[in-house]
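Note that ligands are numbered from 1 as they come in the structure, with each ligand's atoms numbered from 1 the same way. Worth knowing before you read on, the calculation uses all heavy atoms, side chains too, and leaves out hydrogens, waters and symmetry mates. All values reported here derive from a predicted model rather than from experimental measurement.
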Amino acid sequence: MTTTYLITGANRGIGLEMARQILKSGDRLHAVCRNPDSATELNALIDASQGRGQIYKADACDELALANIANTIVGGIDVVVCNAGVMSARGGIEDSENTADAVSTVLMTNIAGPFFTARAFLKQLKLSKTPKICIISSFMGSQHHQGASAYFYRASKAGANNIMVTLANELKASGVTVASFHPGWVKTDMGGSNADITPVESATGLLQRFLLLTMAKSGSFINFDGKELPL
Ligand SMILES: NC(=O)c1ccc[n+]([C@@H]2O[C@H](COP(=O)([O-])OP(=O)(O)OC[C@H]3O[C@@H](n4cnc5c(N)ncnc54)[C@H](OP(=O)(O)O)[C@@H]3O)[C@@H](O)[C@H]2O)c1
């Protein structure tokens, strides 16, 4: 039986690697990104997928664009992966990159983005026998991660985890399982070259976690290797 996924931010980094592994395993993919025209690697994957993949254009903060995509999708989606995310100022209280615009972008993308994505595709999720919403968060957002920098990135991922718990509570009655995930410290544009693991290792672990996720674990925050994390 094939699984149908939808991934935001599917054009590079962890999202692109998840897309690659999903299509390689014979599953189906709705791949969302901001600029399909320049998403060369993603387009090559979709072109080689024999009709199992489709690419769509939307910013994760654009609720209308997401809703318009949802209106074109016939059939169910089993797993919605809210992966699109941005880092913001990485410094401390004096970091001049913490401007109102930058703060707004990181909070909108990392908190409202998963909410708008989950809401847009709820109709398709409800057609699945095992619907799941998987939010790619970060352990930097945990209250147990004693950071002293990157204020708004941390706050945004704490917010994403909070949204995750509320979605899990509200959607339980509809049978939709919701969880958030730490992908590890990953060698991507965001994680940098000194990070611990490759996108392949992260995506492999995350996709296993999505598959094994059940309603009993709805509302959980889970590491890419399966360990449960404190919110
Ligand atoms: N790498 C790590 O070590 C690490 C650790 C913890 C958590 N994470 C989380 O993992 C997720 C993926 O990160 P990554 O490392 O793969 O980052 P990345 O290489 O920087 O890729 C980020 C992806 O998100 C997309 N994106 C950003 N803002 C968007 C928006 N407003 N609308 C739609 N797409 C948007 C980007 O699209 P464009 O190409 O259009 O910019 C890109 O596809 C993020 O949520 C991140 O916070 C990463």
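- Distance alone, capped at 3.5 Å, is enough to place a donor-acceptor pair between the Lys132 side chain and the Leu211 backbone.
- Listed for the Asn83 side chain is a donor-acceptor partner under 3.5 Å among the backbone atoms of Gly9.
- Using a 4.5 Å cut-off between side-chain heavy atoms of Ile, Leu, Val, Met, Phe, Trp and Tyr, with links allowed through other members, Ile14 and Ile7 fall into the same hydrophobic cluster.
- Here's the thing with Thr188: one of its N/O atoms is less than 3.5 angstrom from an N/O atom of ligand 1.
- In summary, the atoms of ligand 1 found under 4.0 Å from a heavy atom of Asp189, numbered by their order in the structure, are 19 (O).
- For ligand 1, one of its N or O atoms has an N or O atom of Ile14 under 3.5 Å away.
- The shortest heavy-atom distance from Ser137 to ligand 1 is under 4.0 Å.
- Looking at ligand 1, you won't find any N or O of Asn35 less than 3.5 Å from one of its N or O atoms.
- Remark: minimum distance from atom 45 (O) of ligand 1 to any protein heavy atom is reached at Asn83 O, 2.8 Å.
- At least one heavy atom of Tyr153 sits closer than 4.0 Å to an atom of ligand 1.
- The shortest distance between side-chain heavy atoms of Ser202 and Glu17 does not fall below 4.5 Å.
- When only interatomic distances are considered, the shortest N/O to N/O separation between Gly9 and ligand 1 falls below 3.5 Å.
- Of the protein's non-hydrogen atoms, Ala60 N, 2.8 Å is the one closest to atom 32 (N) of ligand 1.
- Among protein heavy atoms, atom 40 (O) of ligand 1 sits closest to Arg34 NE, 3.0 Å.
- Side-chain atoms of Ser180 and Asn161 include a donor-acceptor pair closer than 3.5 Å.
- When the shell of 6.0 Å around CD1 of Ile93 is examined, it contains 12 or fewer heavy atoms from other residues, nucleotides or ligands.
- Residue contacts with ligand 1 leave out Gly113, since none of its heavy atoms falls under 4.0 Å from the ligand.
- Heavy-atom proximity to Val86, at under 4.0 Å, picks out these atoms of ligand 1: 27 (C), 28 (N).
- Using a non-hydrogen distance threshold of 4.0 Å, Thr8 does not register as a contact of ligand 1.
- The side-chain heavy atoms of Leu206 and Ile136, taken from C-beta on, include a pair separated by under 4.5 Å.
- Across every non-hydrogen atom of Met164 and Ser220, the tightest pair is CE-O, 3.3 Å.
- With respect to atom 17 (O) of ligand 1, the closest heavy atom belonging to the protein is Met190 CB, 3.5 Å.
- With a 4.0 Å heavy-atom cut-off, ligand 1 is reached by the side chain of Lys157 but not by its N, CA, C or O.
- Near Ile136, meaning under 4.0 Å from one of its heavy atoms, ligand 1 places the atoms 9 (C), 10 (O), 11 (C), 45 (O).
- Residue contact annotation: Met140 has no non-hydrogen atom under 4.0 Å from ligand 1.
- Distance check, rounded to the nearest 0.5 Å: CD1 of Ile163 to CG of Asn110 gives 11.5 Å.
- Protein heavy atom nearest atom 31 (N) of ligand 1, with residue, atom name and distance: Asp59 OD1, 2.9 Å.
- In terms of protein heavy atoms, atom 43 (O) of ligand 1 is closest to Asn11 OD1, 2.6 Å.
- Those atoms of ligand 1 with a heavy atom of Ser138 less than 4.0 angstrom away are 6 (C), 7 (C).
- Distances from atom 5 (C) of ligand 1 to the heavy atoms of Gly191, Ala84, Gly184, Gly15 put Gly184 nearest.
- Residues Ala150 and Met140 share a closest heavy-atom pair of CB-CE, 3.8 Å.
- At a 3.5 angstrom cut-off on N or O pairs, Trp185 does not count as close to ligand 1.
- Residue contact check for ligand 1: Pro183 places a non-hydrogen atom closer than 4.0 Å to it.
- At a heavy-atom distance under 4.0 Å, only side-chain atoms of Thr109, from C-beta outward, approach ligand 1.
- A donor-acceptor pair shorter than 3.5 Å cannot be found between the side chains of Glu201 and Thr204.
- Taking a cut-off of under 4.0 Å to the non-hydrogen atoms of Gly13, the atoms of ligand 1 that pass are 16 (O), 19 (O).
- For the pair Thr2 and Gly26, the tightest heavy-atom approach, listed with the atom from each and the gap, is CG2-O, 3.5 Å.
- Shown here for Ala120 and Leu66, the closest heavy-atom pair between the two residues is CB-CB, 3.8 Å.
- Atom 36 (C) of ligand 1 has its closest protein heavy atom at Arg12 NH2, 3.8 Å.
- The residue from Val81, Ile135, Ile222 that alone fulfils the side chain to side chain contact (heavy atoms under 4.5 Å, CB included) condition with Phe181 is Ile222.
- What sits closest to atom 24 (O) of ligand 1 on the protein, heavy atoms only, is Gly85 N, 3.4 Å.
- The environment of Glu228 atom CD is dense: over 12 non-hydrogen atoms of other residues, nucleotides or ligands sit within 6.0 angstrom.
- Across all their heavy atoms, Asp27 and Arg52 have their closest contact at O-NH1, 2.7 Å.
- Taking every heavy atom of Val186 and a limit of under 4.0 angstrom, the matching atoms of ligand 1 come to 1 (N), 2 (C), 3 (O).
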